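Lettering follows sequence order; numbering is per chain, from 1. For clarity, every value in this text was computed on a predicted model and none was experimentally measured.
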Amino acid sequence: MVSVSLRNLSKSFGSGANATVAVDNVDLEIEDGEFFALLGPSGCGKTTTMRCIAGFESPTRGEIWIGDRFINHVPPHKRDTGMVFQSYALFPHYDVFQNVAYGLLMRDLYNGRIGAFAGLFSKRLARRSADIREQVHKALDQVGLGGYDERQVSQLSGGQQQRVALARALVRRPSVLLMDEPLSNLDKNLRIQMRDTIRHIQREVGITTIFVTHDQEEAMGMADRIALMRDGRLEQVDRPTELYDRPNSSWAARFVGSSNIVDTTVERTDAEGTEVRLGSRRIRVSGFEAAVGDQVRLIMRPEALSVRPRSGAGPDTGNTFDGTVSKVTYLGPNIVYTVDVGADDGATSTGAEGSGATGLLTGTRQLVEVTDTFRGADAVLSVGTEVQLSIDPDRIIVAEGDSS
Amino acid sequence: MSTAVADPPEGGGSSPGAPPPRRKRSRRSFHLDLLSLCRVLVLGFFTLFLIIPLLSMVVVAFTGETVNIFGSLVDGEIRDQNISDLRGASLTTFIETVGSAQNMEALRNSLLLALGVALLAMVLCTPIAYGFARTAMPFKRTLGVLCTIPMVVPTFAAAGGFITMFGQAGWVTGLWQQLGGSGQLINPYSMTGLVLVLLFFLFPFALWPMVAAFRISSAQVEEASSSLGARSVVTFLTVTFPLALPSLLSALLLVFATTFSDFGAAIILGIDGLNLIVVQAYREIAGFFDWAAGSVLVMVMVVVVALFFSLQRLVLRGRDYGTLSARGGQPAPLVRHRGLCNTLSLFTMAFTLVPVLSLLSVLVLSFATTWRGTFLPDSFTTAHYERVLDRSWGAIANSLTLAGGALLIALFVAATVAYYTVRHRAAGLDFLATMPLIVPGIALALALMQTFNTQPLALYGTALLLVVGYAIRRLPYMVRPAVGAMQAIGTDVEEAARSLGANRITAVMTTVLPLLRPALFAGGILVFVTVLKETSLTVLIAPSNWEPMSRDIFNNLLRGERYPAAAMSVILLVIVISLQQIAYKFSRNSLY
Ligand SMILES: Nc1ncnc2c1ncn2[C@@H]1O[C@H](COP(=O)(O)OP(=O)(O)OP(=O)(O)O)[C@@H](O)[C@H]1O
Ligand SMILES: [Mg+2]
């Protein structure tokens, strides 16, 4: 098994004024055996990056290495990658067995066994080699499709087709497995089930895997590491927990989960940290150095905030600020309170243009979302309740990567 | 710092931070890519057998002397001769030929004939096409077969059948006179006769594209229209018809081009005082061996057809609604109005009566001892078949071999053209493969004849040149469906094969070709069948030791030997119709 590295990889389509830069200077090291996700919104260049690795696009600039092989000029069939396509791209004129055996027959052919060629055109001859039979059946068993080898691919359900595609890619034991949104054509339940199947098989085989998706939940749930892409560039490369907990930018925070984004000013700094203004109070932010008067952008996950009614509030635990409940959204196990923390000099909030962004400024109101667990109907706060919000200074994220 | 360059560990995983050790960059190795070779071969094929012959035809038309382009490449003397001929190029021959009153009249007649047949075909086929595409008219299947068969009948054989019916000694004429008519009901040896022969045997070329057009012009749009309160006649006139118009125009053009350059019927009917440009050109070439005048005439023909094609493109620009409505949606429910269905069915039957009867006449004639002026022959015999099979068995074998050869070439070229046109946007190849549509058979024949009649490439008089000519001429029949099918094959299947270890040519052969097969098969049958009935190339360039069936029939008809001609026509038709039925069985979406 091997690592994959991309060095300053760029790919543009077209030329001159109407050139599209699909991949812009991407630098990545994907480790041996890693399950690596390329995540990002539509059109950000995930597929193009993957197709460069597979050899279907040649990079405009930069280098691609698989292990110690420099492969920029290696044709796709010699790259030793296995690819699972979004459309599965099963061969409609072959049955399941032939689909899976295709790569093995190719290998035999390449090794000089001319007889393998006949197997590409005949159902019967494809099954002649005991070795191939055994490997195909093993691969089909692995994806839970034992006994389906006689089926025509058109007679399979979407999930089954997906698994045939997986078996077909894995049966050659490639050094890298590439998957381009393999689950996006499946319904929700099947998608979640297939996540486990894929992850399970990947661990078992131990193959380096690059997985393209635009679904952050899928990436978070499956990957060892995630590269978050935006407009062809890497926004952040991190483990899922880090990406969620420490997004570099408000864009990343919004793309991965929902968040409150608050622009504010530094009011005090001392040995223990920094204090910024929020509403009528000052709150403490840790792990961050700045000078008084600096503009900063804070990211607060809704579940990092806790809320309680101000009336029955116990002693001030510090790092609190006040607000009024302006909306209650009940989501089953959770409740989301939208809290107005009041207008303030200096404090403004960015809009909600990105997915999951919830910090809102409407007129003079500063709205913050807070997630609370449902603890019985009596405990639900009603609209208009005066509340106190608190947050652990460690869980306030400063968006250092924001250029704007 | 160590100076030793250590070999990297096998399959060494690299620790993060330390980049994987780099080996010497593998240089892009040159290897012969078979797929690119196919493309080069196809380009060479078109250059050699289409571009250069057409070019030298133009040169001949202006210099009045034959050129030997291949000769100039290898022999200095020939080159000098050709260059001095070129210096002497003038418009003299051109003006003389085009300017002659006889030729002008021929051009006018040909245009009138082609336009007349095309317009008649379109008007008469519109209700029939509507019936096939949109109604549940009775006997649809049978009528469908009857409306396809004329397409595969060579026009000279059709003319033969017409004479058997309407000629001076025809049975219809006999019947007509018995009923008290005087003279002939229709004189086949007249403009009217020619128009009718061509109309009744070329109409399927208009009909089936129209059926396809009516079928796709969108159930949804029509439903939208009727839900807006339009009545069905209004819907037809305001929605269905305009949407189908582009395809109707193409159909019209196809009939126009075919009629304009068809010479089988005209020569067999040999109408006194009716000059046609094809016949003139044929006379110049085959009668007077006047290459220059012949070249000028066929060039005029090419220009006329090309003009009409560009006119069509101009009219249709930005009006191709095909794709807009073709995708998605169910086909419209069939109209089941009893009166309408019965009327359409009756009309179609009446229309197909003429071709059906003339083919039956040929059948009866082939078994007749003598048949003159009576309703039925005097008595029946199989003697003609015995003679034909005895004497011309070779012609049948020749026809099948030649058509098979043309089919192989066309398969290879069409598959390559389709692949490169769709995958690599090779518009040039597509254009080359479509070009034969505007080159009448007689023009191609003349161009090939005079390009390849001298050393170093003296292919004239060999079967190879004939096979190549056939393949080029019928290529568009295969390329269009192949390109269409290719467009439906996603790149992902091919890429999947690549990522599974297949090189380019293997990936194409194992994934693209099998998916193209239905289209190639359907196109292939059409190529094979039309080659069997091909007239102009056969008559002009078939070598005498490779006499195919079509020329055997043609010569017999010219000599007035009606009975053996009829017997051979029946054999030809049986072969062609069986092939065609096989094709429909296999092609998934048949025409009707
Ligand atoms: N063959 C091509 N020619 C021109 N532009 C292209 C081509 N392929 C991709 N692009 C452009 O490159 C950009 C990145 O495309 P890419 O397919 O990599 O996006 P993606 O991240 O995979 O998006 P999605 O999630 O929608 O699949 C897009 O702007 C796209 O329009
Ligand atoms: Mg994509």
Side-chain angles (χ1 to χ4, degrees), chain A residues 1-5 7 29-33 51 54-56 63 65-94 99-100 102-110 117 120-121 165 168-169 171-172 174-175 178 180 208, chain B residues 5-36 423 425 485 488-521 588:
Chain A
M1 296 297 149
V2 289
S3 56
V4 174
S5 46
R7 307 267 159 78
E29 294 285 339
I30 296 154
E31 286 163 38
D32 179 19
R51 288 171 60 80
F56 299 129
E63 300 177 0
W65 292 75
I66 293 183
D68 56 3
R69 277 174 83 204
F70 174 73
I71 57 161
N72 275 38
H73 303 304
V74 176
H77 63 287
K78 292 186 181 157
R79 290 200 175 188
D80 197 22
T81 55
M83 181 136 174
V84 177
F85 292 79
Q86 181 175 4
S87 58
Y88 316 141
L90 294 179
F91 305 132
H93 54 299
Y94 287 157
N99 263 281
V100 179
Y102 189 92
L104 299 172
L105 290 168
M106 278 302 152
R107 177 170 294 173
D108 278 2
L109 190 65
Y110 201 68
F117 199 66
L120 294 169
F121 296 95
R168 183 178 70 173
V171 76
R172 277 165 57 89
S175 30
L178 305 171
D180 190 358
T208 311
Chain B
V5 181
D7 245 312
E10 262 317 299
S14 59
S15 53
R22 295 184 184 190
R23 275 219 181 122
K24 197 175 60 183
R25 289 189 179 194
S26 58
R27 239 182 284 138
R28 197 186 282 234
S29 62
F30 176 82
H31 64 287
L32 187 67
D33 180 348
L34 285 174
L35 210 57
S36 317
R423 283 287 182 274
R425 286 160 222 256
I489 302 173
T491 47
D492 53 355
V493 185
E494 199 183 330
E495 284 174 353
R498 296 300 311 277
S499 83
L500 291 169
N503 60 17
R504 237 151 73 91
I505 183 97
T506 317
V508 170
M509 272 170 47
T510 52
T511 63
V512 177
L513 272 188
L515 298 178
L516 268 186
R517 200 160 50 198
L520 290 179
F521 184 79
R588 255 171 244 156

Q | Within 6.0 Å of CZ in B:Arg423, more than 12 heavy atoms from elsewhere | A | yes
(Q) Looking at A:Phe56, I'd like to know if its CZ atom is crowded, meaning that more than 12 non-hydrogen atoms belonging to other residues, nucleotides or ligands lie closer than 6.0 Å. (A) yes
Q) Are A:Pro75 and B:Arg498 side-chain neighbours, meaning at least one heavy-atom pair lies under 4.5 Å? A) yes
Please find the pair of heavy atoms, one from [X] and one from [Y], that lie closest to each other, and give the distance.
X        : Y        : value
B:Ala496 : A:Ala89  : CB-O, 3.8 Å
A:Tyr102 : B:Ala502 : OH-CB, 3.6 Å
B:Thr511 : A:Phe91  : CG2-CE2, 3.4 Å

**Q.** Per-residue contact mode, A:Arg51 against chain B (heavy atom under 4.5 angstrom)
**A.** side chain
Q.
Quick check on A:Phe121 against chain B: is it the side chain, the backbone, both or neither that has a heavy atom closer than 4.5 Å?
A. side chain
Q) Non-hydrogen atoms of chain A under 4.5 Å away: do they reach the side chain of B:Thr506, the backbone, both or neither? A) both
Q: Output the distance between atom CG (B:Asp492) and atom OH (A:Tyr88), rounded to the nearest 0.5 Å.
A: 12.0 Å
Q: Using atom types as modelled and distance alone, determine if a side-chain donor or acceptor of A:His93 lies under 3.5 Å from a backbone N or O of B:Thr510.
A: yes
Q: Spell out, as yes or no, whether a donor-acceptor pair under 3.5 Å connects the side chain of A:Arg172 to the backbone of B:Leu500.
A: yes
